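Numbered from 1 within each chain, the chains take letters A, B, ... in sequence-line order. Atom set for the values below is all heavy atoms of this structure, side chains included, hydrogens, waters and symmetry mates excluded. This is a predicted model, so every value here is computed, not measured.
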Protein chains: 2
Amino acid sequence: MFRINKLTDYAVVLLVDMARTQRVRAAHDIAAETGVPVPTVAKVMKALVRGGLVRSTRGASGGYVLARPADRIVMADMIEALEGPIAMTACVDHADDGCEREGFCPMAGHWNRVNHAVRRALVGITLADVAGSCHPPVWANRASQGSGTSTGPRDSGGAVYLASE
Amino acid sequence: MFRINKLTDYAVVLLVDMARTQRVRAAHDIAAETGVPVPTVAKVMKALVRGGLVRSTRGASGGYVLARPADRIVMADMIEALEGPIAMTACVDHADDGCEREGFCPMAGHWNRVNHAVRRALVGITLADVAGSCHPPVWANRASQGSGTSTGPRDSGGAVYLASE
DNA sequence: TAGAAATGGGACTGATTTGGTCCCGATTTG
DNA sequence: CAAATCGGGACCAAATCAGTCCCATTTCTA
């Protein structure tokens, strides 16, 4: 564990793509360019819109654009959009109203410390960082051939671009 | 996601307990004191031994002890013992020999940056920190009531101390 | 030496989560 | 009005996780 979801992985890839071509593009277009299956792109985009990272336009000639400049979108945003708040244990999810075992839970307060440290790290890297330092989209052609579900051994269950298989 | 496993959660609870009473204790003993089911304690302990955090003694009057002082066991150790290397995407697992897509992977290098930052945060908190700043084992009595030996109130969902769905 | 008490290493199963696809209503363009 | 597009779920298969159990091995003790 301690891995991000495959969908989150896709999200990053998609966002990088959008950061390059700054204009409204339909889901199927982005899908074609990145090699991610269309339905999956749609699913990821929904989450990104809900998370406020991407703006959508409906209707014919609609599509998606980044909601703000790439240097103002950070890793934490992307992960939170897809996976909810960054919280390493369940009890932190509703930390505000206080876990009922608070009084005697030996970990009280410590997970939060960890969470915040992790989050801080994740806020330090922007989409611009990721998209910028990078080769032209060579990977587009390569991707279109195999978007399959590589079901390998435990640690190879990765996404299209990042994992091996 | 971005959560640690329940088993890792247990591991921390168990380690805290061991940090308090620094002596060899059998799994069933630790189980009784923490309220974690015996088989689960056994499973977690196996991982902790493999990870080098805990030393085991076999045979009659055997059991487990911390392998080193509590202030030299850090969060990262605990998590890695239970969940393998801290790597947010699959490709980082074998990052050393280089992902074959390295040349064109848009994320090349960036996940590692994230991983290292996260790991750094996790190295900053020791077991002593967690075990020290904490109430006496009040939770022991609470635990002993509901947890016979192997069949406790398991349906309550979540780890005994930390979670709660 | 024999027996009891522990750990070690898996196998196994049910429950949960994740990944991926699809459908249909709402919205906009032309 | 028709075509194109997003929005929100429903749905299912596959993978993973949690929890239990079994048996071999090791060691202490009587």
Side-chain angles (χ1 to χ4, degrees), chain A residues 1-11 24-32 35-51 54-65 82-84 90 147-160 163 165, chain B residues 1-11 14 24-32 35-51 54-65 82-84 90 147-160 162-163 165:
Chain A
M1 243 252 238
F2 224 67
R3 308 239 152 83
I4 60 173
N5 288 342
K6 237 196 230 181
L7 285 191
T8 307
D9 223 350
Y10 285 135
V24 177
R25 273 153 74 230
H28 71 84
D29 185 11
I30 299 175
V36 179
V38 176
T40 301
V41 170
K43 187 172 197 168
V44 170
M45 283 306 181
K46 285 168 196 169
L48 291 176
V49 169
R50 269 196 300 271
V54 158
R55 249 195 4 243
S56 69
T57 323
R58 298 172 76 160
S61 81
Y64 300 96
V65 229
L82 272 289
E83 326 198 359
S147 64
T149 46
S150 64
T151 316
R154 163 185 133 72
D155 23 349
S156 81
V160 174
E165 15 96 45
Chain B
M1 241 249 241
F2 224 66
R3 307 242 151 83
I4 60 173
N5 288 342
K6 233 196 236 183
L7 286 190
T8 307
D9 223 350
Y10 285 135
L14 264 27
V24 177
R25 273 154 72 230
H28 71 84
D29 185 12
I30 300 175
V36 178
V38 176
T40 301
V41 170
K43 187 174 196 168
V44 171
M45 282 305 179
K46 286 167 195 169
L48 292 177
V49 169
R50 268 196 299 273
V54 158
R55 248 192 6 240
S56 68
T57 323
R58 299 173 75 162
S61 81
Y64 300 96
V65 230
L82 272 288
E83 324 198 1
S147 74
T149 42
S150 50
T151 16
R154 182 153 306 85
D155 48 324
S156 58
V160 175
L162 298 173
E165 186 252 357

* **Euclidean distance, atom CG of residue Leu48(A) to atom P of dC6(D) [Å, nearest integer]** => 13 Å
Distances for protein N or O near nucleotides 21-24 of chain C N or O, under 3.5 Å:
residue	atom	partner	partner atom	Å
dT21(C)	OP2	Thr40(A)	OG1	3.4

Would you mind writing out the side-chain donor-acceptor pairs for residues 25-32 of chain B within the sub-3.5 Å range, not counting sequence neighbours?
residue	atom	partner	partner atom	Å
Arg25(B)	NE	Asp29(B)	OD2	3.3
Arg25(B)	NH1	Asp17(B)	OD2	3.4
Arg25(B)	NH1	Thr21(B)	OG1	2.6
Arg25(B)	NH2	Asp17(B)	OD2	2.8
Arg25(B)	NH2	Glu33(B)	OE1	2.9

Enumerate all atom pairs, one protein N or O and one N or O from nucleotides 26-30 of chain D, separated by less than 3.5 Å.
residue	atom	partner	partner atom	Å
dT27(D)	O2	Ala60(B)	N	3.2

* Given side chain to side chain contact (heavy atoms under 4.5 Å, CB included), test Val24(B) with Tyr64(B) step by step and report yes or no. => CA-CA 5 Å; Val24(B) 177; Tyr64(B) 300 96; over 6 Å; no
* To do: Mark yes or no for whether Glu83(A), through its side chain, and Ile4(A), through its backbone, hold a donor-acceptor pair below 3.5 Å.
  => no
* **Nearest-Å distance for atom pair NZ/C1', residues Lys6(B) and dT16(C)** => 10 Å
* Indicate whether OP1 or OP2 belonging to dG19(C) is found under 4.0 Å from a side-chain N or O atom of Tyr10(A). => no
* Asked: Of all the nucleotides listed (dC6(D), dG19(C), dA6(C)), which has the minimum atom distance to the side chain of Tyr64(A)?
  -> dC6(D)
* To do: For residues Leu48(B) and Leu82(B), determine if any side-chain heavy atom of one lies less than 4.5 Å from a side-chain heavy atom of the other.
  => yes
* To do: Provide, to the nearest angstrom, the distance between the CD atom belonging to Glu83(A) and the P atom belonging to dT17(C).
  => 14 Å
* Structure fact -> From NE2 of His28(B) across to C1' of dT7(C) the rounded distance in Å is 12 Å
* Quick one: are Lys43(A) and Leu7(A) in side-chain contact, heavy atoms under 4.5 Å? -> yes
* **Whole-Å distance separating the CZ atom of Arg55(A) from the C1' atom of dT5(D)** => 16 Å
* Between dT17(C) atom P and Leu82(A) atom CG, what is the distance in whole Å? -> 17 Å
* Whole angstrom is fine here: how far is it from CE in Met45(B) over to C1' in dG9(C)? => 17 Å
* To do: Under the side chain to side chain contact (heavy atoms under 4.5 Å, CB included) rule, what do Met45(B) and Leu14(B) come out as? Steps first, then yes or no, please.
  => CA-CA 9 Å; Met45(B) 282 305 179; Leu14(B) 264 27; 4.2 Å; yes
* **Nearest-angstrom distance from the residue atom CZ of Arg25(A) to P of dA4(D)** => 19 Å
